[in-house]
Amino acid sequence: MKNALTEAFREIISTLNYPETNIVVQLPKNPEHGDFATNLALQLAGKLDENPREIAQILSDKLKTDYPGLVDSTDIAGPGFINISINKNAIVSQLLSVLTLNKEYGKSNFGEGKTAQVEFVSANPTGPLTVGHGRGAILGDVISSILQWNGYKVDREYYYNNAGRQMHRLGESVKSRYLELLGEKTEFPEEGYEGEYIVEIAQNLIDKKGNSLKDLTENTAFKDAAESNIFLNIEKTLARIGLKFDTFFNENSLYDSGAITNVVDTLRQKKLIYEKEGATWFKASEVGRDQDRVIIKSSGEPTYRLPDIAYHQNKFNRGYDLMVDVLGADHMDAYPDVLAAVEQLGCDSKKVNVIIHQFVTLTEDGEPVKMSTRKANYITLDELIDEVGEDVVRYFFIMRGINTHLNFDMTLAKDESDENPVFYLQYAHARLCNILKHAEEQGHIFNEKTDLSPLNLDSEIQLIKLLLEFPNIIGKAKDNLEPQTIATYLQSLAGLFHKYYAKERVVTEDRNKTSARLILVQALQIVLNNGLSLLGIHALERM
RNA sequence: GCACCCGUGGCUCAACUGGAUAGAGCACUGGAUUUCGGUUCCAGCGGUUAUAGGUUCGAAUCCUAUCGGGUGUACCA
């Protein structure tokens, strides 16, 4: 509907030889402003240096004469807004397309034939996933779904590093706990991981292998045991919130394939590499960054930036049209260097979309909880799911803007989980299902031939207009990669429906009216169901 | 110090990306139910959008400065 108007205006502009401009048709907040409104004349007035109200007059006259079936009346308001009243039948008749498309309603073929890769979570296997990881996990998953709904073929990818200092420390920690459990004298590493899970892994090793490992000087066996155990648990946790990755990408493979040395060689050829104080530096200041960065330490080990660069090059080589990195705020400073380097390797870094989400700060009883994987004073994602359930966890993480700090009050989440907005949505859905069930029991039938003219209340038209917004919302969510857009939309849709339900009865003696209203109910159920499933939240038929 | 993010009723957040009278929920006050599920609905209370300038037909949104909060600023990942 909105698109039809946008198209109409596009036509009109080109026939009138007006300059091209971004046409925005919106649903006015104030019902007195008609069904749709546009500021088009105001925009054109600026470019043409003419009176906006006069332009508005010309545009709206043309609209009325050229599209009589679509437009009922127009009105020019304020400085030059065009308010448009649409033919009610034109709106109502769109309902049928919702039913026809059903589970496909809201999808677009915008990304048809294109591939996208979304990298997220990417936590190294040094401990359980925390609440902080959870935000990235859900964001990445929902962003992936949004892209899929817009026609992209999407790979969800988890990038990890199972070598290096952190993992060494992990091995040492397990070894120490192992010896401790066997009653041997040992000193816990200073920077070791103190979580309870380390003890469990050690106990596990004793159960399986007894004390046969106690004289090993290397910690490899401990490290490997820890890694596989932790990864198993990470996957288990992810599965609980309905998350499945297509690929786990091991950083090590970049060394094995020679990609790392390749990057250094190529950058060296471009004279963007130099040696200083025994280390190898990337001349980031040459390519717009404020300072140069070490990419190979004087010890010969690369810093994380180097494999990151190689990794992104690898993604480009795989030919993705769009890449999304979902990162925590602590990576703020790192990614511009990486992108600058990748650009130098001949890749179009504009294809990489970096989503930085701010941290989740946990408070309990008003006290902030400090989080550190190593110190083991954190809340795991598993614990959070235990407390509030997977649907609430998912919704909680995407209902707010990405770059605002998420204040998660555990006490509130436990005590008031029943008041969480996710129940509001699920209840609306359950209610819709119940009406349909009830109608079926009463023997009401409805189909594509149902006469929709009884749908003429303002509240009904309003509902239908909002329903028809759904595909635009999905498109918008794709443009700005903000899942929260969808949450906000569903919230207002459910709100409108609850209001309608409180005032109007669907199933009555009036069979014609009932049939028409049942179509509306079914369309609502479809949109809510589709929206919730896009967010990965269960649309329950009963609560 | 520098870089990035944030600042909207008592609290948690919206605002169609520059649009018309800044909206919801929680909390507080008062109401609604012989009905398709009250986990619902209606009404009231509550705002100079941190502050001061600027840009323009029009600013919570863009620019500048100031104040306050967060994150980072490694030859850690």
Side-chain angles (χ1 to χ4, degrees), chain A residues 2 24-30 32-33 37-39 42-43 45-46 51-53 77-81 83 122-124 126 160-161 164-167 191 251 276-281 290-291 293-305 307-308 328-334 336 356-359 361 399-407 409 412 416 418-421 423-424 426-428 430-439 441-442 469 472-473 476 479-480 482 484-485 487-489 491-492 495 497-508 514 517-518 521 542-543:
Chain A
K2 202 190 243 184
V24 181
V25 176
Q26 52 179 332
L27 299 174
K29 285 175 249 177
N30 188 336
E32 283 171 30
H33 295 155
T38 181
N39 61 354
L42 289 160
Q43 291 196 14
N51 186 333
R53 288 194 64 107
F81 290 102
N83 295 331
S122 297
N124 289 339
T126 57
Y160 71 99
N161 167 7
R165 224 156 75 191
Q166 286 188 33
M167 293 304 288
E191 299 268 279
E251 180 186 311
K276 192 176 95 185
E277 293 160 10
T280 305
W281 294 68
D290 54 355
Q291 54 179 303
R293 298 289 183 174
V294 170
I295 55 168
I296 300 176
K297 298 184 241 175
S298 50
S299 65
E301 274 177 290
T303 66
Y304 70 95
R305 276 173 227 264
D308 261 16
D330 49 342
H331 289 70
M332 209 71 177
D333 245 34
I356 305 267
H357 66 86
Q358 297 297 313
F359 279 130
T361 41
M399 69 182 284
R400 298 137 134 94
I402 290 170
N403 44 17
T404 59
H405 292 264
L406 187 59
N407 183 16
D409 187 335
L412 198 83
E416 300 193 326
D418 279 356
E419 283 167 7
N420 195 297
F423 292 112
Y424 189 79
Q426 287 179 321
Y427 187 60
R431 225 174 205 179
L432 288 160
C433 291
N434 205 51
I435 295 174
L436 292 170
K437 202 172 129 231
H438 177 82
E441 285 164 6
Q442 302 289 312
E469 268 296 280
N472 295 331
I473 296 293
K476 204 177 115 193
D479 289 337
N480 53 25
E482 281 180 5
Q484 151 230 17
T485 311
T488 311
Y489 167 81
Q491 209 60 233
S492 56
F497 164 64
H498 280 311
K499 255 176 230 182
Y500 177 72
Y501 175 92
K503 241 177 127 182
E504 312 292 340
R505 205 183 149 76
V506 174
V507 179
T508 58
T514 301
R517 288 185 171 179
L518 283 173
V521 166
R542 47 195 305 181
M543 310 275 297

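Hydrogens, waters and symmetry mates are skipped; everything else that's a heavy atom, side chains included, is used. Remember, predicted model here, so these are calculated numbers, not experimental data. In what follows, every chain begins at residue 1, and chains take the letters A, B, ... in the order their sequences are listed.
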Task: Euclidean distance, atom CZ of residue A/Arg505 to atom C1' of B/U34 [Å, nearest integer] - done: 12 Å

Open item on the list: If I pick the C1' atom on B/C45 and the same atom on B/C11, what distance separates them, to the nearest angstrom?
Closed with: 15 Å

- [ ] Please tell me which of A/Ala279 and A/Arg400 maps to the more 5' nucleotide of RNA chain B, matching each residue to the nucleotide holding its nearest heavy atom.
- [x] A/Arg400

Open item on the list: Using a 4.0 Å heavy-atom cut-off to protein, can you give one letter per nucleotide of nucleotides 55-61 of chain B, 5' to 3': B if the base is in contact, S if only the sugar-phosphate is, - if neither?
Closed with: --B----

Open item on the list: Given B/C16, B/C75, B/A77, identify the nucleotide with an atom nearest to the side chain of A/Glu251.
Closed with: B/A77

Task: Value in whole Å for how far the C1' atom of B/G72 lies from CD1 of A/Ile356 - done: 10 Å

Task: Span that lies between the C1' atom of B/G69 and that of B/U8, in whole angstrom - done: 15 Å

Task: Nearest-Å distance once atom C1' is located in both B/C16 and B/U34 - done: 43 Å

Open item on the list: Does A/Lys297 have more than 12 heavy atoms from other residues, nucleotides or ligands lying within 6.0 Å of its NZ?
Closed with: yes

Open item on the list: Give me the atom names and distance for the closest heavy-atom approach of A/Val506 to A/Tyr500.
Closed with: CG2-CE2, 4.5 Å

Open item on the list: From OH of A/Tyr304 over to C1' of B/A74, roughly how many Å is that when rounded to an integer?
Closed with: 9 Å

Open item on the list: Of the listed nucleotides (B/C16, B/C36, B/U39), which one gets closest to any side-chain atom of A/His438?
Closed with: B/C36

Open item on the list: Between C1' on B/C16 and NZ on A/Lys29, what's the gap in Å once rounded to a whole number?
Closed with: 9 Å

TODO: Would you indicate, yes or no, if B/C76 has its OP1 or OP2 atom less than 4.0 angstrom from a side-chain nitrogen or oxygen of A/Lys297?
DONE: yes

Open item on the list: Please give the distance between the C1' atoms of B/U21 and B/A60 as a whole number of Å.
Closed with: 15 Å

Open item on the list: Closest approach to the side chain of A/Tyr424, judged atom by atom: which nucleotide of B/A20, B/A77, B/U40 is it?
Closed with: B/U40

Open item on the list: Judged by each residue's nearest nucleotide on RNA chain B, which is more toward the 5′ side, A/Pro302 or A/Tyr501?
Closed with: A/Tyr501

Task: Rounded interatomic separation in angstrom, taking CD from A/Gln291 and C1' from B/A74 - done: 10 Å

Open item on the list: Run the salt bridge (Lys or Arg N to Asp or Glu O under 4.0 Å) test against A/Arg431 and tell me which residues pass, sequence neighbours left out.
Closed with: none

Task: Nucleotide nearest A/Glu482 (side chain, heavy atoms from C-beta), chosen from B/U17, B/A74, B/A77 - done: B/U17

Open item on the list: Roughly how many Å apart are B/A27 and B/G44, using the C1' atom of each and rounding to a whole number?
Closed with: 14 Å

Task: For atom CD of A/Gln484 and atom C1' of B/A14, their distance in whole Å - done: 8 Å

Task: Rounded distance in Å between the P positions of B/G9 and B/A15 - done: 16 Å

TODO: Work out which heavy atom in A/Asn124 is nearest to a heavy atom in A/Asn161; give both atom names and the distance.
DONE: OD1-N, 2.9 Å

Task: Minimum-distance pair of heavy atoms, taken over all atoms of A/Ala77 and A/Asn83 - done: CB-ND2, 3.5 Å

TODO: Can you tell me the distance, in whole Å, between the CD1 atom of A/Ile402 and the C1' atom of B/A14?
DONE: 15 Å

TODO: Compare the ring of A/Phe81 with the six-membered ring in the base of B/A20 and state whether they stack (centres under 5.5 Å, planes under 30°).
DONE: yes

- [ ] Rounded off to whole Å, could you give me the CD-to-P distance for the A/Glu301 and B/C76 pair?
- [x] 8 Å

TODO: Could you run through RNA chain B and flag its stems, i.e. three or more consecutive Watson-Crick or G-U pairs with both distances under 3.5 Å?
DONE: B:1-7 with B:67-73, B:10-13 with B:23-26, B:28-32 with B:40-44, B:50-54 with B:62-66

